[in-house]
Amino acid sequence: MTSISDITDKRPIGVFDSGIGGLTVAGSIARRLPYERIVYYGDTAHLPYGEKSAKALRSYADSIAGFLQEQSCKAIVIACNSASAVAADGLRKSLGKSLPVVDVISPTARMAARKYPQGSIGVIATKATVNSRIYARRIARWAPDAKVRMLATPLLVAMIEEGFFNNNISKAVIADYLSRSNLRNIDALILGCTHFPLVKSEISGFLGDGIQVIDSTDVVADALTEVLRERKLLADAGGRLPTHRFFVSDLTPSFVQSTEIFFGKKLKLERKDLWA
Ligand code: DGL
């Protein structure tokens, strides 16, 4: 709980993703920390991040972190698994102790590891995230006996971006992916991509009650709250609600339309190409 004694810092929180998927995380932050101002950056010109090399993703992340620093952000949330997988450590090193960096993978992996220390944990994610093997490494830190089963599900990102969910097409794609042999006999499934909360209920419906489906939205918002409280960076819990800003590197009508589904309400997107 936020107490009046730790309130101080009105600077915004920087949140970024390859596009609008990270709005699922930003939405959770806005709901859990309503007095925090968010500056969001969606690198829509470069998506899908899941298909990019680690080198390219690091370079995009550096540019975006530079922009968020210019916006006077007090913390950065990497609301993208693919970027978290390859760029989080580098950003932490370069930004130093002054600017905390919260990624989506560590808090989610820790939560799953603590809950299923001897279990079999499935992860569905982009190719970039699967190839990095980051979930297996992170989970092994807290649960060396847990088994981690990874599956790249790149079609899910494109499918969700195109608005195909809660229909027969999404049902068929989900059923095909989740029936693959390496997800057999899992105890829990991590949604290792910030787009996937949009199909969480379909996935849970397919897997049934016995398998917990874990997404990173609230876990990451809680990890951010912890960091802000520890460093005394929380915003004033009184006064007016903040106005967030949402930047994208490339602006198209379909991104504008999709924001409502991802964030929970309609947003005004501003075009800001950091590479122009
Ligand atoms: N939202 C990104 C993630 O969490 C994936 C989308 C993309 O491939 O750009 O990995």
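Predicted model, so just to flag it, every value in this text is computed and none were measured.
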[X] side-chain N/O to [Y] backbone N/O, donor-acceptor pair under 3.5 Å:
| X | Y | value |
| --- | --- | --- |
| K74 | L233 | yes |
| S132 | V86 | no |
| S59 | K55 | no |
| D176 | A172 | no |
| Y177 | L155 | yes |
| R149 | V123 | no |
| E202 | N166 | yes |

With I78, the side-chain contact (heavy atoms from CB on, under 4.5 Å) member among V220, V104, V101, I64: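 Exactly one option meets the side-chain contact (heavy atoms from CB on, under 4.5 Å) with I78, and it is V101.
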Partner set under side chain to side chain donor-acceptor pair (under 3.5 Å) for T126, not counting sequence neighbours: S82, T129
Hydrophobic cluster membership, with links at side-chain heavy-atom distances under 4.5 Å among I/L/V/M/F/W/Y: are [X] and [Y] in one?
| X | Y | value |
| --- | --- | --- |
| F262 | F247 | no |
| L99 | L224 | no |
| V77 | F16 | no |

Is the closest side-chain heavy-atom distance between [X] and [Y] below 4.5 Å?
| X | Y | value |
| --- | --- | --- |
| L189 | I121 | no |
| F206 | S179 | yes |
| V248 | F255 | no |
| V148 | I190 | no |
| L241 | Y35 | yes |
| K10 | R37 | no |
| L156 | I124 | yes |
| E36 | L228 | yes |

Atom pair CZ/CZ of R231 and R229 - distance to nearest 0.5 Å: 14.5 Å
Rounded distance [0.5 Å steps], OG in S18 versus CD in E161: 7.0 Å
Would you give me the side-chain donor-acceptor pairs under 3.5 Å for residues 38-46, sequence neighbours excluded?
residue : atom : partner : partner atom : Å
Y40     : OH   : G19     : O            : 2.6
Y40     : OH   : G22     : N            : 3.3
Y40     : OH   : L23     : N            : 3.3
Y41     : OH   : K272    : O            : 2.6
D43     : OD1  : H46     : ND1          : 3.0
D43     : OD1  : S249    : OG           : 2.7
D43     : OD2  : H46     : ND1          : 2.8
D43     : OD2  : Y49     : OH           : 2.6
T44     : OG1  : D250    : N            : 2.8
T44     : OG1  : D250    : O            : 2.5

Basic-acidic side-chain contact under 4.0 Å: D103, R92: yes
Salt bridge present between E260 and K265 (N-O < 4.0 angstrom):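 Salt bridge: no.
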Does either side chain, that of [X] or that of [Y], offer a donor lying less than 3.5 Å from an acceptor on the other one?
| X | Y | answer |
| --- | --- | --- |
| D218 | S28 | yes |
| Q212 | K115 | yes |
| S84 | N81 | no |

Working for side-chain contact (heavy atoms from CB on, under 4.5 Å), residues S120 and D187: CA-CA 5 Å; S120 176; D187 300 299; 3.8 Å; yes
Candidate pair I76 and L95, rule side-chain contact (heavy atoms from CB on, under 4.5 Å), full reasoning: CA-CA 10 Å; I76 291 183; L95 296 174; 3.9 Å; yes
Full working for side-chain contact (heavy atoms from CB on, under 4.5 Å) between R138 and R110: CA-CA 7 Å; R138 287 287 181 272; R110 184 177 54 204; over 6 Å; no
D222: partners by salt bridge (Lys or Arg N to Asp or Glu O under 4.0 Å), with sequence neighbours left out: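 Here the qualifying residues are R32.
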Worked check of side-chain contact (heavy atoms from CB on, under 4.5 Å) between V199 and M159: CA-CA 10 Å; V199 290; M159 182 188 90; 4.1 Å; yes
